[in-house]
**Student:** 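Just dropping this structure here.
Computed from a prediction, not measured in an experiment: that's the story for all the values here.
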Amino acid sequence: MKNHIKDKKSYTIPTISKASPRISSSHVSLLSPSLFSPPLPLLSARWLENVRLRVKESTYVKYYNITQNHILPKLGTYTADQLTTETVEQFVQKKLVHGRCNGTGGLSEKTVKDILTVLQETCRYAGHWGIEIPCHFDRIRIRKKSAEIRVLSRERQQDLVTFLLRDDSLTKLGILMSLYMGLRLGEICALQRRSILFHEEILCVRYTMQRIQDFPQSGLSDDKRKTKIIITEPKSGSSIRDIPIPAFLMERLGPLRSLPEDAFLLTGSTQRFIEPRTLENILKKYLRECGMEDVTYHMLRHTFATRCIEGGFDVKALSEILGHASVNVTLNRYVHSSIDQKRKYMEQLPVL
């Protein structure tokens with residue numbers, strides 16, 4: 001198969017005035033195949049400008065970075081009529097094999113799906129203006145073996161828990177909550193005193209914290225170093241959830257009753273918070289003290305889910321606790337029998 005993907009250097013998303021002398025921001029109707037086949041950078045700029053009015057700020061930043069860092073460097077020289085199914089499929093498969101910006105390997109299936117979704121939405125937007133894109137996105141399949149879920153062994157989990165229970169540190173308490181309640185990194189950083197219903201022993205997950213690029217409302221900033229912390233509702237409704245708090249955690253949360261309602265759980269302060277990147281570094285420090293250095297923060301969530309499945313948890317209940325969009329996500333990700341479980345089941349077969 002002929003290789004249609006051209007390896008180009010970084011391609012900056014143009015403003016409307018720079019993209020074409022005959023196109024202005026006030027004349028979208030000029031995006032017409034009767035005049036010319038628009039270049040992908042122009043379509044991307046117009047789609048981003050449109051979508052910015054309809055999505056959360058963090059979502060817009062994600063779309064912009066996907067377009068700038070992944071789509072345009074490879075497809076930025078293409079016009080609309082050159083985006084064939086074969087071209088886009090080759091682009092997707094290359095991203096799976098060696099798509100990382102630092103050149104260290106392929107991207108995850110989820111990341112590539114996100115990239116493909118952004119490209120598809122850009123092309124769909126072009127279609128609203130009568131611009132024909134020859135690619136049939138429904139025929140493109142992302143083929144990559146799913147990565148194995150990494151979890152802590154029971155021994156390593158016990159070592160970490162023993163370390164975290166040594167004192168009353170709020171950061172250690174937060175990490176314990178991720179390990180025993182399946183909280184995401186951004187969710188634990190955004191928790192405040194009001195998130196805990198002490199009488200009902202319920203944790204209300206309503207927000208997430210993240211650091212994003214700070215784009216001014218008037219347009220894209222050339223200074224990519226400017227970032228800011230935002231606290232927003234999670235990206236999906238299923239992530240907004242109430243989780244019963246285990247008894248041993250309720251006991252350790254007791255001293256927080258006297259805090260102001262808007263005090264952050266990880267600091268006990270209304271003015272100071274710990275952002276996700278900082279909490280990740282704190283966990284790395286703790287892990288080094290425990291002799292564990294190959295553990296990521298998200299592994300705590302994977303470990304929680306795996307222990308729940310091993311303990312016979314109802315999958316529907318676990319899916320809701322984790323904030324998954326559907327039970328199928330939980331089933332596909334965590335419900336895999338170990339060799340010991342399979343052996344146990346085989347030994348139960350009656351000899352006739």
**Student:** Can you check whether T330's main-chain N or O pairs, donor with acceptor, with S319's side chain at less than 3.5 Å?
**Tutor:**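 Answer holds: no.
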**Student:** Closest approach of F264 and T270, non-hydrogen atoms and distance?
**Tutor:**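 It is CE1-O, 4.1 Å.
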**Student:** Step by step, work out the side chain to side chain contact (heavy atoms under 4.5 Å, CB included) result for M177 and L253.
**Tutor:** CA-CA 10 Å; M177 292 176 70; L253 287 168; 4.1 Å; yes
**Student:** State yes or no: do V329 and I240 share one hydrophobic cluster built from I, L, V, M, F, W and Y residues joined by side-chain heavy-atom distances below 4.5 Å, directly or via other members?
**Tutor:**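 Looking at the clustering, I240 is in a separate group from V329.
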**Student:** Check whether any side-chain N or O of R100 sits under 3.5 Å from a backbone N or O of L107 as a donor-acceptor pair, and report yes or no.
**Tutor:**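 Here the side-chain-to-backbone pair does not exist.
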**Student:** Side chains of R46 and N50: any donor to acceptor distance under 3.5 Å?
**Tutor:**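 The answer is no; no qualifying pair exists.
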**Student:** Thinking salt bridges, do K284 and E289 make one under a 4.0 Å N-O criterion?
**Tutor:**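 Looking at E289 together with K284, the answer is no, because their closest N to O distance does not fall below 4.0 Å.
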**Student:** Are the side chains of K94 and K74 in touch, meaning some heavy atoms are under 4.5 Å apart?
**Tutor:**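 No, their side chains stay 4.5 Å or more apart.
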**Student:** Shortest non-hydrogen contact from G182 to R301?
**Tutor:**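 Distance-wise, the nearest heavy atoms are O-NH1, 2.6 Å.
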**Student:** Between atom CD of E275 and atom CD of E280, what is the distance when rounded to the nearest 0.5 Å?
**Tutor:**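 If we round to the nearest 0.5 Å, E275:CD and E280:CD are 9.5 Å apart.
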**Student:** In terms of hydrophobic clustering (I, L, V, M, F, W, Y; side-chain heavy atoms under 4.5 Å; direct or indirect links), are V61 and I231 co-clustered?
**Tutor:**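 V61 and I231: separate clusters.
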**Student:** First locate atom OG of S108, then atom CG of L96, and finally report the distance between them rounded to the nearest 0.5 Å.
**Tutor:**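 Atom-to-atom, S108:OG and L96:CG are 8.5 Å apart.
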**Student:** Any side-chain heavy atom of T67 within less than 4.5 Å of one from L119?
**Tutor:**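 No - every pair of side-chain heavy atoms lies 4.5 Å or more apart.
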**Student:** Under a 4.0 Å threshold between the charged nitrogen and the carboxylate oxygen, would D167 count as salt-bridged to K172?
**Tutor:**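 Answer for the salt bridge query: yes.
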**Student:** Of all the heavy-atom pairs spanning R252 and L164, show the shortest one and how long it is.
**Tutor:**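 Shortest heavy-atom separation between R252 and L164 comes out as NH2-O, 4.3 Å.
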**Student:** Just checking, is any N or O donor in the side chain of R184 or S178 under 3.5 Å from an acceptor N or O on the other one?
**Tutor:**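 Result is no, nothing qualifies.
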**Student:** Could you check whether atom OH of Y297 has more than 12 heavy atoms from other residues, nucleotides or ligands sitting under 6.0 Å from it?
**Tutor:**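 Enclosed: over 12 neighbouring heavy atoms sit under 6.0 Å from OH of Y297.
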**Student:** Check step by step if salt bridge (Lys or Arg N to Asp or Glu O under 4.0 Å) holds for K95 and D114.
**Tutor:** CA-CA 11 Å; K95 285 293 176 184; D114 289 343; over 6 Å; no
**Student:** Ignoring hydrogens and angles, state whether a donor on the side chain of E310 or T306 is under 3.5 Å from an acceptor on the partner side chain.
**Tutor:**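 No donor-acceptor contact under 3.5 Å links the two side chains.
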**Student:** Would you call the rings of W47 and Y63 parallel, tilted or perpendicular, where under 30° means parallel and over 60° means perpendicular?
**Tutor:**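 Tilted, since the angle between the ring planes falls between 30° and 60°.
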**Student:** Applying a strict under-4.5 Å side-chain criterion to I, L, V, M, F, W and Y, I'd like to know whether L152 and L279 cluster together.
**Tutor:**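 Looking at the clustering, L279 is in the same group as L152.
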**Student:** Passes side chain to side chain contact (heavy atoms under 4.5 Å, CB included), I133 versus D81? Steps please.
**Tutor:** CA-CA 6 Å; I133 307 291; D81 58 354; over 6 Å; no
**Student:** To the nearest 0.5 Å, tell me how far Y207 OH sits from I230 CD1.
**Tutor:**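 The OH atom of Y207 sits 13.0 Å away from the CD1 atom of I230.
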**Student:** Is any side-chain heavy atom of Q210 less than 4.5 Å from a side-chain heavy atom of I229?
**Tutor:**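 No; the side chains remain at least 4.5 Å from each other.
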**Student:** Should F137 and L75 be counted in the same cluster of Ile, Leu, Val, Met, Phe, Trp and Tyr side chains packed under 4.5 Å apart?
**Tutor:**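 Yes; tracing contacts between hydrophobic side chains, which count when under 4.5 Å, links both residues.
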**Student:** Please assess T85 against E89 for the test side chain to side chain donor-acceptor pair (under 3.5 Å), listing each intermediate value before the final yes or no.
**Tutor:** CA-CA 6 Å; T85 304; E89 187 166 30; over 6 Å; no
**Student:** To check you understand the geometry: which heavy-atom pair defines the closest contact between F313 and L318, and what is its length?
**Tutor:**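 Heavy-atom minimum between the residues: CD2-CB, 4.0 Å.
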**Student:** Short question: side chain of T303, backbone of M299 - any donor-acceptor pair under 3.5 Å?
**Tutor:**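 Side chain of T303 to backbone of M299, a donor-acceptor pair under 3.5 Å: yes, one is there.
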**Student:** Backbone N or O of V118 within a donor-acceptor pair of the T122 side chain at under 3.5 Å?
**Tutor:**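 Answer holds: yes.
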**Student:** Tell me whether the count of non-hydrogen atoms from other residues, nucleotides or ligands lying under 6.0 Å of CD in E251 goes above 12.
**Tutor:**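 At most 12 heavy atoms, drawn from other residues, nucleotides or ligands, come within 6.0 Å of this atom.
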**Student:** If you define the side chain from C-beta out and look only at heavy atoms, does anything of E261 sit under 4.5 Å from Q192?
**Tutor:**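 Heavy-atom side-chain distance check fails, nothing below 4.5 Å.
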**Student:** Short question: side chain of R150, backbone of D294 - any donor-acceptor pair under 3.5 Å?
**Tutor:**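 Side chain of R150 to backbone of D294, a donor-acceptor pair under 3.5 Å: yes, one is there.
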**Student:** To the nearest 0.5 Å, tell me how far D314 CG sits from C308 SG.
**Tutor:**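 Rounded to the nearest 0.5 Å, the CG-SG separation comes out at 11.0 Å.
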**Student:** Sort out for me which residue in I175, I188, V151, L183 forms a side chain to side chain contact (heavy atoms under 4.5 Å, CB included) with L300.
**Tutor:**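 Checked I175, I188, V151, L183 against L300; only one passes side chain to side chain contact (heavy atoms under 4.5 Å, CB included): I175.
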**Student:** Look at E320 together with K316 and state whether they make a salt bridge at an N to O cut-off of under 4.0 Å.
**Tutor:**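 A salt bridge is present here (some side-chain N lies under 4.0 Å from a carboxylate O).
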**Student:** Hey, is the main chain of T79 close enough, under 3.5 Å, to the side chain of Q82 for a donor-acceptor pair?
**Tutor:**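 Checking the backbone N and O of T79 against the side chain of Q82, a donor-acceptor pair under 3.5 Å is found.
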**Student:** For the pair R194 (side chain) and L191 (backbone), establish whether a donor and an acceptor sit closer than 3.5 Å, ignoring hydrogens and angles.
**Tutor:**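 Checking the backbone N and O of L191 against the side chain of R194, no donor-acceptor pair under 3.5 Å is found.
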**Student:** So, T227 side chain and I212 main chain: donor-acceptor pair closer than 3.5 Å or not?
**Tutor:**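 No.
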**Student:** Any chain of hydrophobic side-chain contacts (each under 4.5 Å) joining M209 to L170?
**Tutor:**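 Hydrophobic grouping puts M209 apart from L170.
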**Student:** State, yes or no, whether a side-chain contact exists between M181 and I245 at a heavy-atom distance under 4.5 Å.
**Tutor:**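 Touching, per the 4.5 Å side-chain cut-off.
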**Student:** Which atom names give the shortest non-hydrogen contact between T208 and P234, and what distance separates them?
**Tutor:**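 Heavy-atom minimum between the residues: CG2-CA, 4.1 Å.
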**Student:** Can you find a pair of side-chain heavy atoms, one from I131 and one from L43, that are under 4.5 Å apart?
**Tutor:**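 Yes, their side chains come closer than 4.5 Å.
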**Student:** Counting C-beta onward and ignoring hydrogens, is there a side-chain heavy-atom pair between R54 and V51 closer than 4.5 Å?
**Tutor:**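 In contact.
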**Student:** As an exercise, state the distance from CD of E187 to CG of L203, rounded to the nearest 0.5 Å.
**Tutor:**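 The distance works out to 9.0 Å.
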**Student:** How long is the gap from CD1 on I115 to NE2 on H70, to the nearest 0.5 Å?
**Tutor:**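 Atom-to-atom, I115:CD1 and H70:NE2 are 4.5 Å apart.
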**Student:** Is a donor on one side and an acceptor on the other found under 3.5 Å between the side chain of R241 and the backbone of V205?
**Tutor:**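 Not confirmed, R241 side chain does not pair with V205 backbone.
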**Student:** Would you sort out whether I71 and I66 count as a side chain to side chain contact (heavy atoms under 4.5 Å, CB included), showing the intermediate values?
**Tutor:** CA-CA 7 Å; I71 295 176; I66 285 176; 4.1 Å; yes
**Student:** Would you please indicate yes or no on a ring centroid separation below 6.0 angstrom for F163 and Y286?
**Tutor:**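 Distance test on ring centres: under 6.0 Å, yes.
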**Student:** Could you check whether N102 and T104, counting side-chain N and O atoms only, form a donor-acceptor pair closer than 3.5 Å?
**Tutor:**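 Note: T104 and N102 side chains meet the donor-acceptor criterion.
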**Student:** List the steps, then state whether side chain to side chain contact (heavy atoms under 4.5 Å, CB included) holds for D168 with L173.
**Tutor:** CA-CA 7 Å; D168 296 327; L173 175 58; over 6 Å; no
**Student:** Can you tell if the side chain of R206 reaches within under 4.5 Å of the side chain of E233, non-hydrogen atoms only?
**Tutor:**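 R206 vs E233: side chains apart.
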**Student:** Looking at every heavy atom in both L72 and S44, which two are closest together, and how far apart are they?
**Tutor:**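 Closest approach of L72 to S44: CD2-OG, 4.0 Å.
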